[in-house]
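We name chains A, B, ... by the order of the sequence lines, and we start the count at 1 in each one. Keep in mind that this is a model prediction, so the values were computed, not measured.
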Amino acid sequence: MKKGYFGKYGGAFMPEVLVPAIGEVERTFLKFSNDPRFLKEMNDYLKDFVGRPSPLYFAEKLSKKLGVNVYLKREDLCHTGSHKLNNCLGQCLLAKYMGKKRVIAETGAGQHGVATAAACALLGMECAVYMGSVDVERQSVNVFRMQLLGTKVMPVESGSRTLKDAINEALRDWITNVETTFYCIGSVIGPHPYPAMVKQFQRIIGKETKEQAKEMNFKIDAMVACVGGGSNSMGLFADFVNDRDVEMYGVEAGGTGEKHAATLSKGRPGVLHGTLSYLLQDENGQVSEDVHSISAGLDYPGVGPEHSHFKDSSRVTYDNVLDSQAVEAFLLLSGLEGIMPALESAHAIAYVIAKKEKFKGKNVVICLSGRGDKDIGIVTDYLKGHTRSKV
Amino acid sequence: MKLNKSLIGFLPAGYPTMKASRELLIALGNEVDVLEVGIPFSDPVADGKVIQDAGYIAIKNGATPKGCLSLISEVKQTINKPIAILTYYNIPYSYGLKQFLADASSNGVDAMLIADLNINESDEFEAACKESGVETIFIAAPNTQKERAIEIDSHTTGFVYLLSHFAVTGTKSELSTLTTDTIKRVKPLVKNPLAVGFGISTSEHVRAVLGAGADGAIVGSAFIKSIVPGDIEKSKLALKRLAKELKGSSIK
């Protein structure tokens, strides 16, 4: 297989000026990903700064209600409130080993931005985070969190002023400051080596899950995770890909039905942000501006190339749920289990609710990729405009 | 492509409208040695604000890849000068790479540059170019090392496009010594003509890059900025005036 490809997807479609930079990232990653000093430093931070391992929690009441044995992988309990910090620590530590003084990142909901800001504060690095001005407005608390952590938030006014445009602007910054700056990408997207590298830093989710299921003495029948760019799902799935008896489900944002972010279900292959993968685009190859999800973290027209490969090879089943289903799941888990999920993660829960007959009696692990405190305002506004249906 | 202290002028197709764009491209094409035409893409990561905004407006006003190619065909019939196109990979990929190059060729395109495609991923593009007779243009940058520059040149059949400095496209008030140093360093490494772009906007810039040994100077954002949307005649005059001014500084 060609370097940096997953089946026919992936690659590094980048302007020449960034080719030396991604080459340097790749070399450093390969050099240190098995280096004992790097791994020790990384593991110490994961334990004491992030708070790993995160629990695998049996959700007793939800299980009883659905007739499905539901286990929640509690990434919501990680420092900064989501799985994002696993990756940011890895990349920022690499950047430090490379001698870079400045880190840039993009963010949609703000989760990756906050995690990068925290990692940079920890490691004493300068940090700038690009964020679409629409997202700056709807996630103002996270903007303030990043600023408190010493990061410069750069509002992006171009295009649709959301996540995809934040990535465009971060890439432009990288082109301009390539010699001093490290670009910390937040998902399994972008040019090689990012999809492979981000998977490597996130696979601890699945590695822990495997050990924990063994300790808890149950066999996993299925795993379910939400897919935006696809980093929490890839992190959960990676160590199970060869376990053919474990079914895997990736849940995309079905939005309102008409407007959505269901790239794998409704897109076709194309090239965006350096990678060949499924893409939401019009018939002329212009990337869709109508991408929508109630969850800002899933609001992206592309998806990680390895997910495209898993779709074509049918190793993972991809489906989508609507905004309304995600909100119902958010409310149900909050009231029933005392756990408020991020709206992103609520998509995975909503899928299990919708398919409870299929999963009846089975042991299902759901990646609870983040906590929902950031989404309270969005859910409140949503409920003002809608009448709840029965789950 | 033959370049001899040439002025290469860039405008995005379809800006501000398809109809106006035809006249503007002809007006500019009559003045410059090579016309470079952008086929707008929704996410132009290598472009600064001027070209981004122009492309955005062009797309909103109906600049489809097919429409842009037939626009180029009309322009070509009038100006009869070499035309290079510049776009991003998803445009020809979505169109079908082979078909795109075949259509480009039959519409009068002589060479093509894809801003987000480097020689590590260009096999299919090069094969399609070879089949259609369209020449390839690849980019080299100030951080491109010697061996890489030689390799880039070996993939190139049109000209090597040298980035003047670390930046996205856009006007810059002064050129740094990085630009002239890079030209002097890269020029002896390449067999193809070498043209320099990004941030070239004044006759002093053109004189400096050609004086340092470049075979061509590429100007884009400055031409776009001279356009007055809604006033085609004024825009045509402004393009001509700027082109003549820049041209006057080339040292033939």
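Most heavy-atom pairs under 4.5 Å with chain B: of the set L171(A), V19(A), V178(A), this distinction falls to V19(A). Of the residues considered (L276(A), D282(A), D173(A)), L276(A) shows the highest number of contacts with chain B, using heavy-atom pairs under 4.5 Å.
Contacts between P269(A) and chain B at a heavy-atom distance below 4.5 Å involve backbone atoms as well as side-chain atoms. Neither the backbone nor the side chain of A170(A) comes within less than 4.5 Å of any heavy atom in chain B. For I114(B), no part lies under 4.5 angstrom from a heavy atom of chain A. With a 4.5 angstrom heavy-atom cutoff, E283(A) touches chain B only via backbone atoms.
Contacts with chain A (heavy atom to heavy atom, under 4.5 Å) involve these residues of residues 138-149 of chain B, listed by number: I139(B), A140(B), A141(B), N143(B), T144(B), R148(B). Below 4.5 Å, heavy atoms of chain A meet heavy atoms from Y89(B), N90(B), I91(B), Y93(B), S94(B), all part of residues 88-99 of chain B.
Listed by chain and residue number, V37(B), C68(B), L71(B) satisfy the side-chain contact (heavy atoms from CB on, under 4.5 Å) test with A13(B) (two or more places apart in sequence, or in another chain).
For the atom pair CD1 (I175(A)) and CZ (F166(B)), the distance works out to 11.0 Å, reported to the nearest 0.5 Å.
Side-chain atoms of R172(A) never come within 3.5 Å of backbone atoms of A46(B) as a donor-acceptor pair (strictly under, hydrogens ignored). Checked by atom type and distance alone, the side chain of Q286(A) pairs as donor or acceptor with a backbone atom of P40(B) at under 3.5 Å.
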List the atom pairs, with distances to 0.1 Å, where a side-chain N or O of residues 53-63 of chain B and a protein N or O form a donor-acceptor pair under 3.5 Å, not counting sequence neighbours.
{"from": "D53(B)", "atom 1": "OD2", "to": "K49(B)", "atom 2": "NZ", "distance (Å)": "2.8"}
{"from": "N61(B)", "atom 1": "ND2", "to": "P16(B)", "atom 2": "O", "distance (Å)": "2.6"}
{"from": "N61(B)", "atom 1": "ND2", "to": "I57(B)", "atom 2": "O", "distance (Å)": "3.4"}

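Using a 4.5 Å heavy-atom threshold, the side chains of D43(B) and K164(A) count as touching. Looking at heavy atoms from C-beta onward, H192(A) lies out of side-chain contact with E121(B) at the 4.5 angstrom threshold. Between L117(B) and F13(A) the shortest side-chain heavy-atom distance falls below 4.5 Å.
Across every non-hydrogen atom of F41(B) and V287(A), the tightest pair is CZ-CG2, 3.9 Å. The minimum heavy-atom distance linking H273(A) with V45(B) is given by the pair CD2-CG1, 4.4 Å. T176(A) approaches A167(B) most closely through the heavy-atom pair OG1-CA, 3.9 Å.
Atom CD of E124(B) has 12 or fewer heavy atoms from other residues, nucleotides or ligands within 6.0 Å. Heavy atoms of other residues, nucleotides or ligands lying less than 6.0 angstrom from CD of E137(A) number 12 at most.
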- request: For the pair E16(A) and I152(B), evaluate side-chain contact (heavy atoms from CB on, under 4.5 Å) and give the outcome as yes or no after the intermediate values.
  value: CA-CA 10 Å; E16(A) 181 63 29; I152(B) 289 167; 3.6 Å; yes

